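Data first, discussion second: the structure below is written as structure tokens.
Since we're looking at a predicted model, the values are computed, not measured. Numbers restart at 1 for each chain; the letters A, B, ... are given by sequence-line order, proteins then strands.
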Amino acid sequence: MVVSLKENNVFRRLYYKGASAGNRLLVIYCRRNGLGYNRLGLTVSTKLGHAVVRNRMRRRLREIVRLHEGRLQNGYDVVIVARTAAVEAQFGALTRAFLTAADRVGILKP
RNA sequence: CGACCGGGACGGACAGCCGCGUGGCUGCGCCGAAAGGCGCUUUCAUGAGGAAAGUCCGGGCUCCACAGGGCAAGAAUAACGGGUAACGCCCGCCGAAGGCGACUUCAGGAAAAGUGCAACAGAGAUAUACCGCCGCCGAUUUUCGGCGGCAAGGGUGGAAAGGCGAGGUAAGAGCUCACCCGCCGCAUGGGAACAUCGCGGCGCUGUAAACUCUAUUCGGAGCAACACCGUGGAGGAGAAUAAGGUCUGCCCGACCUCUCCGGGGAGGUGGCUGGAACGCAUCGGCAACGGUGCGUCUAGAUAGAUGGCUGUCGAUUACAGAACCCGGCUUACAGUCCCGAUCGUGAA
RNA sequence: CGGGGUGUGGCGAAGUUUGGUAUCGCGCUUGGUUCGGGACCAAGAGGCCUCGGGUUCAAAUCCCGACACUCCGA
């Protein structure tokens with residue numbers, strides 16, 4: 001079960017206190033929330049491009065999380081920040097970047 | 001066939017699997033006395049643009065202000081006629097500029113109501129006389145000086161007092177005349193701007209995207225508007241002076257717990273999509289556009305729905321994402337198709 | 001959604017109101033001074049004034065459109 005994150009203070013708490021791991025394409029912040037399900041937030045800033053580019057970035061990130069939902073542990077707040085290089089990246093490269101970062105931050109099931 | 005001009009349409013298509021928003025239907029669960037509401041689920045329907053963009057104009061809608069009229073201030077617009085709910089938009093037409101042409105572009109009112117500005121150059125910039133031309137006088141007579149007349153020629157400048165020819169003169173000059181140009185008035189044509197090898201008068205620098213004048217228009221703010229519901233906490237009134245809790249072990253005191261009022265922050269619901277709508281036919285109009293008939297319903301999200309994989313065609317895919325809704329303007333754009341017109345070349 | 005500001009040599013600014021000559025400081029180059037360097041003195045280079053149009057005889061300046069950066073209010 002995945003619910004979207006909305007409040008700005010939750011994002012700020014994750015940036016400040018959450019565990020993070022990143023690479024050239026994206027950065028993942030995560031923290032235990034004690035709710036029994038995961039909450040997902042996406043950060044796609046205006047630096048990446050205009051509205052069409054940003055919308056497409058969000059959709060691809062959401063699709064990656066949906067396809068690998070079964071491999072994630074439950075009970076975490078997760079924020080994915082897209083970096084500039086991700087705009088030109090292929091879907092497969094983006095998937096590999098997500099999985100390696102998620103593994104390093106420790107939210108993949110063993 | 002080539003070049004160019006104007007107008008219009010499209011802007012990936014089809015199939016399969018998984019996933020998302022909205023609406024309907026089926027079933028299940030929970031809450032409720034019921035009406036009904038909420039969640040999940042089956043299946044069906046539907047789901048971004050020609051600019052959705054920039055936010056440059058005009059309106060609808062909502063709230064606030066004034067509820068009658070005028071003036072001033074400020075802002076916007078500017079030939080003329082029409083279209084429109086309205087516009088700074090569109091169509092037609094006039095004038096000017098550009099193009100061989102189809103056609104394109106123009107903030108295109110008033111400088112004779114007034115004020116300002118026009119650097120440098122140049123003798124002189126709204127007025128003049130440096131060189132020059134001519135006459136008279138004088139002298140040391142191929143020349144120079146003085147007095148007077150002139151504004152044709154030279155030079156400067158973006159601009160030098162209408163242009164050109166003839167007459168005229170000492171030399172000249174709209175001084176006079178013919179033709180042309182411009183402005184004003186009348187006449188004729190046109191619905192009007194305006195036009196005219198018609199008549200008369202006049203000859204005036206440019207700049208109003210300098211101030212200004214004239215005419216017309218304009219109250220302000222915006223869907224985070226606005227309306228409704230509104231946990232807790234804070235405020236006011238009441239009930240009770242009983243019981244309990246906290247400060248504090250006890251007394252006093254204060255606060256909370258009960259009921260009503262109340263403005264309303266967080267949050268939620270409405271506003272939210274059927275409209276100056278779209279398509280086709282027909283009638284009126286040069287056209288913009290309008291009338292009539294028939295048909296269609298076509299996103300409504302709220303951290304914000306369209307993505308991933310595979311196959312075929314086509315190609316390497318442009319610019320680009322609704323956020324209250326319409327009418328325009330401006331800007332960005334790979335490529336494809338259709339219609340009409342012009343110029344050139346060749347053939348019949 | 002609404003409103004404002006800025007863009008000028010390599011860097012930071014003035015000049016825009018009232019149109020004609022682009023100026024100042026730091027930096028740069030050359031020369032002098034010093035045994036050498038710094039400081040100081042003298043000379044010099046470097047600008048289509050963000051971009052595209054328009055008005056004007058003439059535009060950094062006035063007008064229109066675009067781009068980039070930035071600030072404010074709900």
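Checking G44(C) for Watson-Crick or G-U wobble geometry (two distances, each under 3.5 Å) identifies C28(C) as its partner. Pair check for U296(B) finds A277(B); Watson-Crick or G-U wobble, both atom distances under 3.5 Å. The partner of U104(B) is A97(B), by the rule that a Watson-Crick or G-U pair needs both atom distances under 3.5 Å. C183(B): Watson-Crick or G-U partner is G201(B), with both key distances under 3.5 Å. Summarising the base pairing, C255(B) is matched to G245(B) through a Watson-Crick or G-U wobble pair whose two defining distances lie under 3.5 Å. When Watson-Crick and G-U wobble pairs are counted only if both distances are under 3.5 Å, A123(B) pairs with no nucleotide at all. Judged by Watson-Crick or G-U wobble contacts below 3.5 Å, the nucleotide C309(B) has G16(B) as its partner. With both pairing distances under 3.5 Å, U62(B) is matched to A221(B) as a Watson-Crick or G-U wobble pair.
Taking 90° from 0 as the syn/anti boundary, the base of A60(C) is oriented anti. U212(B) adopts an anti glycosidic conformation, its chi angle falling more than 90° from 0. For G174(B), the glycosidic angle deviates from 0 by 90° or less, giving a syn base. Glycosidic conformation of G50(B) is syn; the angle stays within 90° of 0.
Per the geometry, CG belonging to Asn55(A) stands 16 Å off P belonging to C319(B), to the nearest Å. Separating the CZ atom of Arg58(A) from the P atom of A305(B) is a distance of 7 Å, rounded to the nearest angstrom. Between Phe98(A) atom CZ and G308(B) atom P there is a gap of 17 Å when expressed in whole angstrom units. When the P atom of G307(B) is taken as reference, atom CG of Leu40(A) falls 19 Å away, rounded to whole Å. Rounding to whole angstrom units, CG of residue Leu42(A) and C1' of A305(B) are separated by 14 Å. If you measure from atom CD1 of Ile64(A) to atom P of C18(B), you get 21 Å, rounded to the nearest angstrom. The nearest whole Å value for the distance from the CZ atom in Phe91(A) to the P atom in C18(B) is 17 Å. Rounding to whole angstrom units, CG of residue Leu67(A) and P of C20(B) are separated by 12 Å.
For Arg62(A), taking side-chain heavy atoms from C-beta onward, the closest of the listed nucleotides G308(B), G321(B), U306(B) is U306(B).
Nucleotides U56(C) and G108(B) are separated by 8 Å at their P atoms, to the nearest Å. A gap of 39 Å separates the C1' atoms of C64(B) and G50(B), to the nearest Å. Comparing the C1' positions of G7(B) and U317(B) gives an interatomic distance of 27 Å, to the nearest angstrom. Nucleotides C56(B) and U77(B) have their P atoms positioned 14 Å apart, rounded to a whole Å. One P atom belongs to A159(B), the other to A119(B), and the distance between them is 14 Å to the nearest Å. Using C1' as the reference atom, A125(B) and C57(C) are 13 Å apart when rounded to the nearest Å. Comparing A276(B) with U84(B), their C1' atoms are spaced 9 Å from each other, to the whole Å. Rounded to the nearest Å, the gap between the P atom of G290(B) and that of G271(B) is 31 Å.
When the side chains of ILVMFWY residues are joined at heavy-atom separations under 4.5 Å, either directly or via intervening members, Leu94(A) and Val52(A) end up in two distinct hydrophobic clusters.
Taking 4.0 angstrom as the limit, Arg59(A) places a side-chain polar atom (N or O) nearer than this to OP1 or OP2 of U306(B). At A53(B), none of the side-chain N or O atoms of His50(A) fall inside 4.0 Å of OP1 or OP2 (strictly under the cut-off).
One N or O on the side chain of Asn23(A) and one on the backbone of Leu26(A) form a donor-acceptor pair closer than 3.5 Å. No donor-acceptor pair closer than 3.5 Å links the side chain of Arg56(A) to the backbone N or O of Val87(A).
Residue Arg66(A) is classed as a base contact, given a heavy-atom separation below 4.0 Å to a base. Arg54(A) comes within contact range of no nucleotide atom at all, as no heavy-atom separation falls under 4.0 Å.
Using a 4.5 Å cut-off on side-chain heavy atoms (C-beta onward), Val79(A) and Ile28(A) make no contact.
When the options Leu40(A), Val27(A), Thr43(A) are evaluated for a side-chain contact (heavy atoms from CB on, under 4.5 Å) with Ile80(A), the one that passes is Leu40(A).
One cannot find a donor-acceptor pair under 3.5 Å joining the base of G308(B) and the side-chain atoms of Glu63(A).
Residues Arg66(A) and Glu63(A) are paired through a salt bridge, judged by an N-O separation under 4.0 Å between the basic side chain and the carboxylate.
Of all heavy-atom pairs spanning Arg71(A) and Leu99(A), the tightest one is NH1-CD1, 3.9 Å. Looking at every heavy atom in both residues, Gln90(A) comes nearest to Arg60(A) through C-NH1, 4.4 Å.
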